Amino acid sequence: MIRRVSPDQSEVRIAFSLDNTSDVKDVEDVSQTFPDLEQRLQPVPPCVSLRESVQVYKEHCKMAREFHQVKHEIAVLEDRKRKLLADLVEDEKVAVEFEHLEEEFQLLTEENRTLVTVHSERAQQLERLCLTNQTSQDSS
C-alpha cells in the first residue's frame, strides 16, 4: 500500500502481511491452562495468523499469571493474618494472666507487710513479758 502524506513530501510505503508468523513463535504453549481461573476466563488460543489475536492471547496469559501470583500472595497474607490473630489472642491471655498475677502479688505483698508488723509487735511483746517475768523472779 502506498500513501502520499502530502503533495510536497515523498511517498511512504506501508507493508504488512497476514502470513507473518514472527509473533507465533513467541506464543506460549496454546494448551496452557490456569487452574485458578474459571473455565470461562481461561485464555482462548489465538488465531495465529492474526498478530492482534496473538498479542491479546499473550496479554491474557500474562494477566492470568499475575492473577495466580496475586492469589498466592493473598493466601500467604491471609495465613500470616491468622497466625498474627492467634498470637494476639495468646498475648491477650498472657496479659490477663499477668494482670491477675500482679494483683495477687500486691495482695500478698500487703499481707506480708501485715504479718511482718504483727511478728515484730509480738516479738516486742514477748521480750517485754520475758523482762517482766525475769524482773518478778529476781524480786522474789
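Being a predicted model, the structure only gives us computed values, none of them experimental.
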Would you compute the distance between atom NZ of Lys93 and atom CG of Leu88 and round it to the nearest 0.5 angstrom? 11.5 Å

So how far is it from Leu85 CG to Asp91 CG, rounded to the nearest 0.5 Å? 11.5 Å

Test side-chain contact (heavy atoms from CB on, under 4.5 Å) applied to Gln125 and Arg128, step by step: CA-CA 5 Å; Gln125 188 179 21; Arg128 282 193 303 267; 3.9 Å; yes

For Ala64 against Leu37, the heavy-atom pair lying closest together: CB-CD1, 3.6 Å

Min side-chain heavy-atom separation Arg65-His68 under 4.5 Å: no

State, yes or no, whether a side-chain contact exists between Glu52 and Gln55 at a heavy-atom distance under 4.5 Å. no

Lys83 and Asp87 ion-paired at < 4.0 Å: no

To the nearest 0.5 Å, how far apart are CG in Leu84 and CG in Leu77? 10.0 Å

Kindly say whether Leu41 contributes a backbone atom to a donor-acceptor pair with the side chain of His60 at under 3.5 angstrom? yes

Atom OG1 in Thr132, atom CD in Glu127: separation rounded to 0.5 Å? 10.5 Å

Show your reasoning for whether side-chain contact (heavy atoms from CB on, under 4.5 Å) applies to Cys47 and Tyr57. CA-CA 9 Å; Cys47 177; Tyr57 177 76; over 6 Å; no

Distance-only, no hydrogens or angles: does the Ser53 side chain make a donor-acceptor pair with backbone N or O of Leu50 under 3.5 Å? no

Determine, stepwise, if the pair Gln106 / Glu110 fulfils side-chain hydrogen bond (donor to acceptor under 3.5 Å, both in side chains). CA-CA 6 Å; Gln106 293 299 330; Glu110 185 58 37; over 6 Å; no

Would you kindly confirm whether Phe67 and Met63 end up in one hydrophobic cluster when ILVMFWY residues are joined by side chain heavy atoms under 4.5 Å apart? no

Rounded to the nearest 0.5 Å, what separation is found between the CD atom of Glu97 and the CD atom of Glu104? 8.5 Å

Rounded distance [0.5 Å steps], CG in Leu108 versus CG in Asn112: 8.5 Å

Could you walk me through whether Arg113 and Thr109 pass side-chain contact (heavy atoms from CB on, under 4.5 Å), step by step? CA-CA 6 Å; Arg113 274 192 221 122; Thr109 301; 3.4 Å; yes

Backbone N/O of Val116 and side chain of Ser120: donor-acceptor pair under 3.5 Å: no

Any chance CD of Glu66 has more than 12 other-residue heavy atoms, nucleotides or ligands included, within less than 6.0 Å? yes

